[in-house]
Amino acid sequence: MSISIEQVNKRFGDFVAVDNVNLNINTGELTALLGPSGSGKTTLLRIIAGLEQADSGRIQFNNEDITGQHVSERGVGFVFQHYALFKHMTVFENVAYGLTVKPKKFRPNKAEITKKVNKLLQLVQLDWTADRYPAQLSGGQRQRIALARALAVEPKVLLLDEPFGALDAKVRAELRRWLRRLHDEIHVTSVFVTHDQEEALEVADRIVVMNKGAIEQDGTPEQVYDHPANPFVYEFLGNVNLFHARVKQGQTTIGNVQLASPEHTNGDEQDGFAYVRPHEIEVFKAPVSDGLKVKLDLVTIVGPVARLEVLTDTEQQLIHIELPKEQFKQLALAQGDIAWIQPRYSKVFLGEGI
Amino acid sequence: MTFYRSFTSKRVLPGFGISLGSSLFFISLVILLPITGLIVQTAELSWAQYWAIISDPRVVATYKVTLSAALVASVFNLFFGLLMAWILTRYRFPGRILLDGLMDLPFALPTAVAGLTLAAVFSTQGWFGQYLALWDIKVSYTWLGIVLAMIFTSVPFVVRSVQPVLEEFGPEYEEASATLGASPWQTFFRIILPEIKPALLTGTALSFTRSLGEFGAVIFIAGNLPWQTEVTSLMIFVRLQEFDYAGASAIASVVLLASLILLFIINGIQQRYQHITGGVK
């Protein structure tokens, strides 16, 4: 089931939540709506579901206009951040709910419902919880039940609103891998909202980056990570260092460091901003001719990664660097030492940064 | 010793002993002592005398009037209180805060004032009563008046029990139900109603209990015709005026017993539901 969103707008008073958004979501894709809070991603998801009405614009499922359809008729599965499991019902009753509220002539009989619910509970690997109440389950288990409940009505599209937002880090990582595998199994067109770039990069087939109600970039995880369309996307997808740079004929100059930037071939020298990710910087103990001299200001070792904060010699600019712990140990640098750094790769945007 | 310690010394706030002690003391003073007095008074009677007093036909008539009126009033409040709680939590409209405040008026107003006002307004010459009289409906000085007074004095119990539950019960449950294809009625009966049922039952039962004992508001509107519009609490008052303390106590013990049984039932309801939902979201 493909989803097409055409010129959708939504305001809450003076606040523009969704600003003229156009988006097509292909059948069977797992798409992430990624953005900071207030970027309109949840509102857009709720408009797709029918839980919110757009002020203007159209929503189509498989080229069928469903803009005016009530949420209960759209056939969407919706998973909430805080699970929204019905507390007074057992797990079994929760999952069966969508089947038991069907109009009589479409309602499966008891045996069919039992069979289907048990199958779904097996799919989410929680068949042993059928007779428990939601209060007796952990957060991760509840969210899997919520997913099984949404899948019970065989939704045309599955919509997930920050599905892992309320879980702790370890469970979150487990669940998103699990969701990825589940989606490979059932291939229902899915859209999930997240503000966690790592989650989006790991789980999604496609990432739609949103900011201030509009779409900043739309592409595969590799595309948005390696070729961000603009400074916002670059900054949002992971930590980044910003250097003042001069750009001329496909060459970017940061201090006395030369880097290739083939996308800017203009002959005149222009001002620009070079974005460099913390792990794309090399560190040397001995002076290198085309490196920046820096002072090691702070070293923190986080598991296998050494995170350095260094200050440039000339501009006293703070730069974040990440490198494997082993590599850092071999350098034999200590806090306060002088070192040389060299960006290996940068993405240059002309004009003002953000 | 270890049991005692685990209750006292490891708490963030000290003073378990003194706080429990003083509460028990006051409970004894204002609740247990009067009840003991009541029992002692009643104990002057033999079982036969006791039975004769509480099964006196005129007294039995008051049970019927009180029970039936309280039942109708509390069932009415079940619906009306639920509606009020729903309106106050689910909609935002001008005057909502005023309405919310007015809900507590029956608690704040002296019940005698309420009774007098209702009696005046609903008498055959009153503002409402004169129009109801055209339909041959008499409220003041009839059984209907008793019901009305009971409704007025006990509706806040239902509203104030249900309101916080509805407020905490976020819209996402209704939304979840709707996305699963449920109609608004199905959502109400299968999702919202079960969730508020314990609070609604508690509120209604409290409203019923309160109505059983209501005196001030009722006697001004009831007309107090023996056999017809006398409530049980009035009977107690009548016996007291006749200096028949034992008789008054005997009748009071019946009211007390009925209220206590109801209160235990309410507690039972609450505990059963807490057990299921675990108090966890």
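Excluded from the calculations below are hydrogen atoms, water molecules and symmetry mates; all remaining heavy atoms, backbone and side chain alike, are included. Chain identifiers are assigned alphabetically (A, B, ...) following the order of the sequence lines, protein sequences preceding nucleic acid strands; residue numbering begins at 1 within each chain.
Across every non-hydrogen atom of A:Y97 and B:S177, the tightest pair is OH-OG, 2.7 Å. When all heavy atoms of B:L180 and A:V153 are compared, the pair lying nearest together is O-CG1, 3.8 Å. In terms of heavy-atom proximity, B:R190 sits nearest to A:M89 at O-CE, 3.6 Å. Contact between A:V101 and B:Q186 at its shortest, heavy atoms only, is O-NE2, 3.0 Å.
Dense packing is recorded around CZ of B:F188, with more than 12 heavy atoms of other residues, nucleotides or ligands lying under 6.0 Å away. Enclosure of atom CZ in B:F25 is not indicated, since only 12 or fewer non-hydrogen atoms of other residues, nucleotides or ligands lie within 6.0 angstrom. Within a 6.0 Å radius of NZ in A:K156, other residues, nucleotides and ligands contribute more than 12 heavy atoms. For B:F26, the CZ atom is loosely surrounded, since the number of other residues' heavy atoms within 6.0 Å does not exceed 12. Dense packing is recorded around CG of A:D184, with more than 12 heavy atoms of other residues, nucleotides or ligands lying under 6.0 Å away. The environment of CG in B:L29 is crowded: more than 12 heavy-atom neighbours from other residues, nucleotides or ligands sit within 6.0 Å.
Of the two parts of A:T90, neither the backbone nor the side chain holds a non-hydrogen atom closer than 4.5 Å to a non-hydrogen atom of chain B. With a 4.5 angstrom heavy-atom cutoff, A:A150 touches chain B only via backbone atoms. For a residue to count as touching a neighbouring chain, one of its non-hydrogen atoms must lie under 4.5 Å from one of that chain's; by this rule A:R46 touches chain B with the side chain only.
Residue A:H88 holds its NE2 atom at 9.0 Å from CG of B:L193, rounded to the nearest 0.5 Å.
Among A:P155, A:S72, A:G50, A:G77, the residue making the largest number of heavy-atom pairs under 4.5 Å with chain B is A:S72. In terms of heavy-atom pairs under 4.5 Å with chain A, the best-connected choice from B:S183, B:A176, B:P194 is B:A176.
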side-chain contact (heavy atoms from CB on, under 4.5 Å) between B:Y173 and A:L85, worked out
CA-CA 7 Å; B:Y173 297 97; A:L85 290 179; 5.8 Å; no
Steps toward side-chain contact (heavy atoms from CB on, under 4.5 Å) verdict (B:E172, A:Y83):
CA-CA 9 Å; B:E172 70 259 31; A:Y83 333 119; over 6 Å; no
